[in-house]
K.L.:
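One structure is given below, represented as structure tokens, and several questions about it will come after.
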2 protein chains.
Amino acid sequence: MNRKKSEKYNRIIAAATKMFAEKGYYKTRISEIAREAGIADGTIYIYFSHKDQILIALFEEKMQEVLDNMKRQIGLEDDPLAKIERFALTHLRLIEDNKDMAEIIQVELRQSSKFMKNYHNLKFSQYLDLIEDIIREGQKKNLIKKEVIPSIAKRAFFGALDEMSRYWVLSKSHKYDIETAAKQINSYFIHGIKT
Amino acid sequence: MNRKKSEKYNRIIAAATKMFAEKGYYKTRISEIAREAGIADGTIYIYFSHKDQILIALFEEKMQEVLDNMKRQIGLEDDPLAKIERFALTHLRLIEDNKDMAEIIQVELRQSSKFMKNYHNLKFSQYLDLIEDIIREGQKKNLIKKEVIPSIAKRAFFGALDEMSRYWVLSKSHKYDIETAAKQINSYFIHGIKT
DNA sequence: TAGTAATGTGAACGATTATTCATTTTTAGC
DNA sequence: GCTAAAAATGAATAATCGTTCACATTACTA
């Protein structure tokens, strides 16, 4: 049987997503994940060799979804500047619709290198590179200034979105909605880089 | 005696800064901090009631320094747009000059709410608010567009810098220097918001 | 339906580690 | 140089939790 498709496997990932978001990786007990998933502690070790494997699997699954979704969305636009706008909106909507996942990526993914020696988050780099590619394309079409360094611009743009996400995820009430935030960030950034 | 001024207190903070940056809060043992500081394990508990108090004290000390330094730096400029430029450069230089501290703020501060129930990072908010104030000032002087929402813009700008910091802190070699990065980010952002 | 493999269980284990505290060492006043 | 308080020590403690495994249950096959 394919472990990935097993019902239990998915239940464990779902339970871990909820618990890690709530208490963080270290404060979450295996027994809590098991209880949340409605299974015995030992069952988790049929599907995962160690606690950290749950977190890694969780990253991989979620990031793949996020990546696929974003590729699909920016594929709907032709104009590089429109792609950038759609990136922002899609990213922030994703955060709004997947708070637990967003919180884990915000908080745990960032420190994952600290406890998982050789876990390099390829998917995350690929996600960032989507922006870099759009910028290069925009430069080729003369829509974006040649002086813009794509690898800096991608981080600046992603960083802006990411900081908004952090605010979204960590505070209860918000002064403005996702659409407004996306529009603002796009406006700063697009004006800043276009020819 | 003032605990804050004690030599041992400072040695513990310094040792913790090094170890937390290297291994992360959870993976760092009290005994490792003690060894690094050249004292006995028990001595730490003369100065700090619990392990998490070391991290909190560390945040407070470092953030106060960062905040004071930034206020001094932006105080050197009159023009709001020049203040923003100086903010970026100062922030990135600080990261470059204090890698351990930067790494802790990047990684541990972000997840601190997860294990310290009621630790609200006031200093961090104040730091962000420096940007918001500059933007409001710029709007008053008609240098920055009225449509710019200061509380969104501050996060966007800080986020851009912060993502650059993350790259700086987490990767060994860099394609470009701090000055280039600051110049790029400033150029996008200033163009994006100015009237 | 019996037999067997796969899956699931949860109590017990053992390793880890923050914290304590009885004891020792240092400091400071006289 | 004596004394008491303060500071420091580090071995012992106690609690925590990831992981295991002997046993139980369920699913599958013929």
Side-chain angles (χ1 to χ4, degrees), chain A residues 1-59 104 107-108 111-112 114-119, chain B residues 1-59 104 107-108 111-112 114-119:
Chain A
M1 193 217 302
N2 185 354
R3 277 276 141 87
K4 299 264 167 187
K5 293 208 172 116
S6 139
E7 215 254 304
K8 288 270 158 62
Y9 176 93
N10 291 323
R11 286 241 298 280
I12 295 168
I13 294 281
T17 303
K18 184 174 173 200
M19 296 314 298
F20 290 164
E22 194 174 306
K23 319 182 67 179
Y25 173 80
Y26 281 104
K27 285 270 186 207
T28 298
R29 304 295 150 231
I30 288 289
S31 57
E32 293 176 306
I33 299 173
R35 181 161 10 99
E36 180 69 31
I39 56 175
D41 295 14
T43 307
I44 287 178
Y45 288 87
I46 297 170
Y47 295 89
F48 300 93
S49 62
H50 301 284
K51 190 185 174 189
D52 60 10
Q53 293 304 307
I54 305 175
L55 188 57
I56 290 175
L58 194 161
F59 286 159
I104 293 173
V107 171
E108 307 297 337
Q111 63 146 10
S112 60
K114 285 284 184 306
F115 62 96
M116 296 182 281
K117 282 173 284 296
N118 34 27
Y119 177 62
Chain B
M1 189 216 305
N2 185 352
R3 277 275 144 85
K4 299 264 165 186
K5 292 206 170 120
S6 139
E7 215 254 304
K8 288 269 158 64
Y9 176 93
N10 291 324
R11 285 241 297 280
I12 294 167
I13 294 282
T17 302
K18 184 173 173 199
M19 296 314 298
F20 289 162
E22 194 174 304
K23 320 181 67 180
Y25 173 81
Y26 281 104
K27 285 267 186 210
T28 297
R29 304 294 149 232
I30 287 290
S31 58
E32 292 175 307
I33 298 173
R35 179 159 14 96
E36 180 69 32
I39 57 176
D41 294 14
T43 307
I44 288 178
Y45 288 87
I46 296 170
Y47 296 89
F48 300 93
S49 61
H50 300 284
K51 189 184 174 189
D52 59 11
Q53 294 304 307
I54 305 174
L55 188 57
I56 290 175
L58 194 160
F59 285 158
I104 292 173
V107 171
E108 308 298 336
Q111 64 146 10
S112 60
K114 285 284 185 304
F115 63 95
M116 297 182 280
K117 282 172 284 297
N118 33 28
Y119 177 62

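The structure presented is a predicted model; accordingly, all values stated were derived computationally and were not measured. In the text below, chain A, chain B and the rest are named by the order of the sequence lines, each starting its count at 1.
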K.L.:
Go along nucleotides 9-23 of chain C 5' to 3' and tag each nucleotide: B for a protein heavy atom under 4.0 Å from its base, S when only backbone or sugar atoms are that close, - otherwise.
P.N.:
BB------SSBB---
K.L.:
Give the rounded distance in Å between these two atoms: CD of Glu7(B) and P of dT26(C).
P.N.:
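In whole Å, dT26(C) P lies 16 Å from Glu7(B) CD.
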K.L.:
Could you give all pairs that pass the side chain to side chain donor-acceptor pair (under 3.5 Å) test and reach residues 12-22 of chain A, with sequence neighbours left out?
P.N.:
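Qualifying pairs, neighbours excluded: Lys18(A)-Glu36(A).
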K.L.:
Under 4.5 Å between any side-chain heavy atoms of Val107(B) and Phe20(B), yes or no?
P.N.:
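Val107(B) does not reach Phe20(B) side chain to side chain.
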K.L.:
Without decimals, in angstroms, what is the distance between Arg35(A) CZ and dC17(D) C1'?
P.N.:
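So the CZ-C1' distance, Arg35(A) to dC17(D), works out to 13 Å.
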K.L.:
Calculate the interatomic distance between Glu32(A) atom CD and dT16(D) atom P; express it in whole Å.
P.N.:
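After rounding, the reported distance stands at 13 Å.
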K.L.:
Name all residues meeting the side chain to side chain donor-acceptor pair (under 3.5 Å) criterion together with Lys8(A); count only those two or more places apart in sequence or in a different chain, and write none if there are none.
P.N.:
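Applying side chain to side chain donor-acceptor pair (under 3.5 Å) to Lys8(A) gives none.
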K.L.:
I'd like to know if the side chain of Tyr25(A) and the backbone of Asp52(A) have a donor-acceptor N/O pair within less than 3.5 Å.
P.N.:
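Side chain of Tyr25(A) to backbone of Asp52(A), a donor-acceptor pair under 3.5 Å: yes, one is there.
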K.L.:
So does Arg29(A) get a backbone contact from the side chain of Lys23(A), meaning a donor-acceptor N/O pair under 3.5 Å?
P.N.:
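No, the answer is negative, given that no donor and acceptor are paired below the 3.5 Å cut-off.
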